[in-house]
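Here's the structure we're looking at; comments come further down.
Here the structure is a predicted model, which means the values were calculated and not measured. Whatever order the structure lists them in is the order used to number ligands and atoms, beginning at 1.
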Amino acid sequence: MYVLGIETSCDETAAAIVDDQRKIHAHVVASQVKDHAAFGGVVPDIAARSHLEKIAPLVQSVLEEAPVPVQRLSAIAVTAGPGLSGSLWVGLSFAKALALAWQRPLVRVNHLEGHALTARLTHDVAFPYLVLIASGGHSEMCLARGVGNYLVLGHSLDDAAGEVFDKVSRMLGFSYPGGKALEACAKNGDPQRFAFPRPLKGQPGCHFSFAGLKTAAYTLFKRLPDMSDQIRADFCASFQQAIADVCVSRYKNAFEAVHNVSPTAFVLSGGVAANQTIRKAIEDFATSCNIPFVVPPVELCTDNGAMIAWAGLEQFRCGCRNNLREAPDPHWELKDLLTPS
Ligand code: KG4
Ligand code: ZN
């Protein structure tokens, strides 16, 4: 079984073909980072236009690279939300046209489910498992109980984890998206040098809140007008450590909340999963709980087509088929996914 996946929810145009043996036959991502860099964040109109320019040649290149004849595709999977409305419309319209032209079923995929199921493409992970999706738009702590079946234990009450990385990076003068640059700067820094707050740490529940941390970072930044390279590294290391500590505290509460269902793994996904300090902190906690820790390779943690192809394949195997009339849903939440019967 082969599935073509198309992803256009934010600022990456991506497509991939995967099969039911978990093989990725082709996987191409066209980043728009340069198009948005001057604005310090994603500009929705520019994103939609860029998807429109890139999508046809990109899908063409995936088909050639695989190479899988279109007649062998079992389905076309496409991100239908959450994300930027204009961007979603481009991907979904394109996928619908292909489904019609090739007479193949269409599967609408929830982008967050794509992140949540990637671990099952890259590793042998059985349900139920705990997954933290930490990206530029989301910080969601969930129990993945099955395909289309998620218990959302917590989400961000304000900024997402990646968003706060990006905003603080921008303040420090790194270009968008700044998480990677901030981590690189933190490499030789002292994570204990500055005592940043750990919002909600030690409190019950699994929600996140990063606004207070962001404000503390801004306030400290103003007090340190001429940062030496070492102070800058210490600042970044301390900031990153605060986020890592918050993530572990949320994982602790999540594990307590679902202890009775014995999760098979702790999974980390989304662009922030690239951060080694955060990975290590959660991995250490997983080890202390005697639970395997799973992180897909970085290129499959950030937005990509393989995660959408795989989630579509899992949904398709469960009987999911969508008609060609449905619109995207920019606010589609994991909790609103229907469990396939
Ligand atoms: O999952 P993703 O590619 O796109 C969204 O769905 O948002 O995540 C992008 C986010 C950005 O906020 C970026 O700064 C963050 O992931 N990110 C990182 C690192 N690499 C990417 N954050 C912290 N450390 C990193 N190494
Ligand atoms: Zn994402």
Side-chain angles (χ1 to χ4, degrees), residues 5-14 16 27 29-33 36-37 40-42 44 47 51 79-84 87-88 91 109-119 131-140 142 155-156 159-172 174-187 189 191 208 210 213-214 217 236-244 246-247 267-282 295-308 310-311 330 332-334:
I6 295 175
E7 154 65 30
T8 63
S9 67
C10 190
D11 61 343
E12 322 277 2
T13 316
H27 148 59
V29 180
S31 169
Q32 302 179 4
V33 162
H36 303 280
V42 178
H51 286 306
T79 306
L84 300 170
S87 294
L88 292 167
V109 172
N110 179 292
H111 180 84
L112 296 171
E113 179 167 47
H115 280 304
L117 292 179
T118 307
V131 52
L132 170 59
I133 304 166
S135 70
H138 302 273
S139 312
E140 308 250 339
C142 312
H155 57 83
S156 182
D159 290 359
E163 190 177 357
V164 78
F165 263 107
D166 294 338
K167 287 178 176 168
V168 170
S169 303
R170 191 177 176 194
M171 175 188 83
L172 291 166
F174 302 131
S175 59
Y176 175 87
K180 197 174 171 185
L182 194 150
E183 180 179 21
C185 180
K187 201 157 186 270
F208 295 84
F210 291 112
L213 173 59
K214 184 181 66 183
C236 290
S238 303
F239 171 79
Q240 172 177 273
Q241 189 61 52
I243 296 193
V246 166
C247 291
V267 173
L268 178 62
S269 191
V272 177
N275 188 287
Q276 297 297 331
T277 301
I278 295 173
R279 277 178 185 227
K280 174 84 173 55
I282 300 175
V295 196
V298 171
E299 61 174 306
L300 298 178
C301 281
T302 50
D303 290 351
N304 66 86
M307 72 186 209
I308 301 307
W310 176 253
W332 193 9
E333 294 186 34
L334 266 185

Point to revise | Gln240, Lys180, Lys280 screened by side chain to side chain donor-acceptor pair (under 3.5 Å) with Asn275, the one that passes | key: Gln240
Check your understanding: Where on His115 is there a heavy atom closer than 4.0 Å to ligand 1, on the side chain, on the backbone, on both, or on neither?
Key -> side chain
Study note, to complete from the structure: Per-atom filter on ligand 1: closer than 4.0 angstrom to a heavy atom of Gly162 are 12 (O)
**Study point:** Flag for Glu299-His27: side-chain donor and acceptor within less than 3.5 Å
**Key:** yes
Check your understanding: Nearest heavy-atom pair of Ser139 and Ala161: which atoms, and what distance?
Key -> OG-N, 2.9 Å
Revision key, fill the gap. Output for pair (Trp310 CH2, Asn304 CG), nearest 0.5 Å, gives 13.5 Å
Check your understanding: Please state which protein non-hydrogen atom is closest to atom 4 (O) of ligand 1 and give its distance, to 0.1 Å?
Key -> Asp303 OD2, 3.2 Å
Check your understanding: So, do Met307 and Pro296 sit near enough that their side-chain heavy atoms are less than 4.5 Å apart?
Key -> no
Check your understanding: For the side chain of Gln32 and the backbone of Ala47, is there at least one donor-acceptor N/O pair under 3.5 Å apart?
Key -> yes
Check your understanding: Does the His115 side chain pair with the main chain of Asp303, one donor and one acceptor, at a distance under 3.5 Å?
Key -> no
Point to revise | Ligand-residue contact atoms, ligand 1 with Ser135, heavy atoms, under 4.0 Å | key: 1 (O), 5 (C), 6 (O), 7 (O), 8 (O)
Point to revise | Numbered atoms and elements of ligand 1 in range of Gly137, under 4.0 angstrom, heavy atoms | key: 7 (O)
Check your understanding: Taking all non-hydrogen atoms of both residues, which atom of Phe239 and which atom of Val164 are closest, and how far apart?
Key -> CZ-O, 3.9 Å
Point to revise | Selection from Val42, Asp166, Asn275 by shortest heavy-atom distance to atom 23 (C) of ligand 1 | key: Asn275
Review point. Going by distance only, is there an N or O of Phe165 that falls short of 3.5 Å from an N or O of ligand 1?
Key: no
Practice item. Verify, without hydrogens or angle tests, whether Ser9 (side chain) and Gly83 (backbone) share a donor-acceptor contact under 3.5 angstrom. Key: no
Review point. Quick one: which ligand 1 atoms are inside 4.0 Å of a heavy atom on Glu183?
Key: 25 (C), 26 (N)
Study note, to complete from the structure: Quick note on ligand 1: atoms under 4.0 Å from a heavy atom of Ala274 include exactly 20 (N), 26 (N)
Practice item. Spell out the protein N/O/S atoms under 2.8 Å from the Zn ion (ligand 2) as residue plus atom name. Key: His111 NE2, His115 NE2, Asp303 OD1
Check your understanding: Any side-chain heavy-atom pair from Val295 and Ile282 closer than 4.5 angstrom?
Key -> no
Exercise for review: Go through ligand 1 atom by atom and flag the ones less than 4.0 Å from a non-hydrogen atom of Gly136.
Suggested key: 5 (C), 7 (O), 8 (O), 9 (C), 10 (C), 12 (O)
**Study point:** Per-atom contacts, ligand 1 versus Gly271 - under 4.0 Å to a heavy atom
**Key:** 1 (O), 2 (P), 8 (O), 16 (O), 17 (N), 18 (C), 19 (C), 20 (N), 21 (C)
Check your understanding: When you measure from atom 22 (N) of ligand 1 to every protein heavy atom, which one gives the shortest distance, and what is it?
Key -> Gly179 CA, 3.5 Å
Review point. Quick check: does any side chain N or O of Thr8 sit under 3.5 Å from a backbone N or O of Ser87, one acting as donor and the other as acceptor?
Key: yes
Check your understanding: Backbone N or O of Gln276 within a donor-acceptor pair of the Glu183 side chain at under 3.5 Å?
Key -> yes
Review point. Heavy atom under 4.0 Å from ligand 1: found in His111's side chain, backbone, both, or neither?
Key: side chain
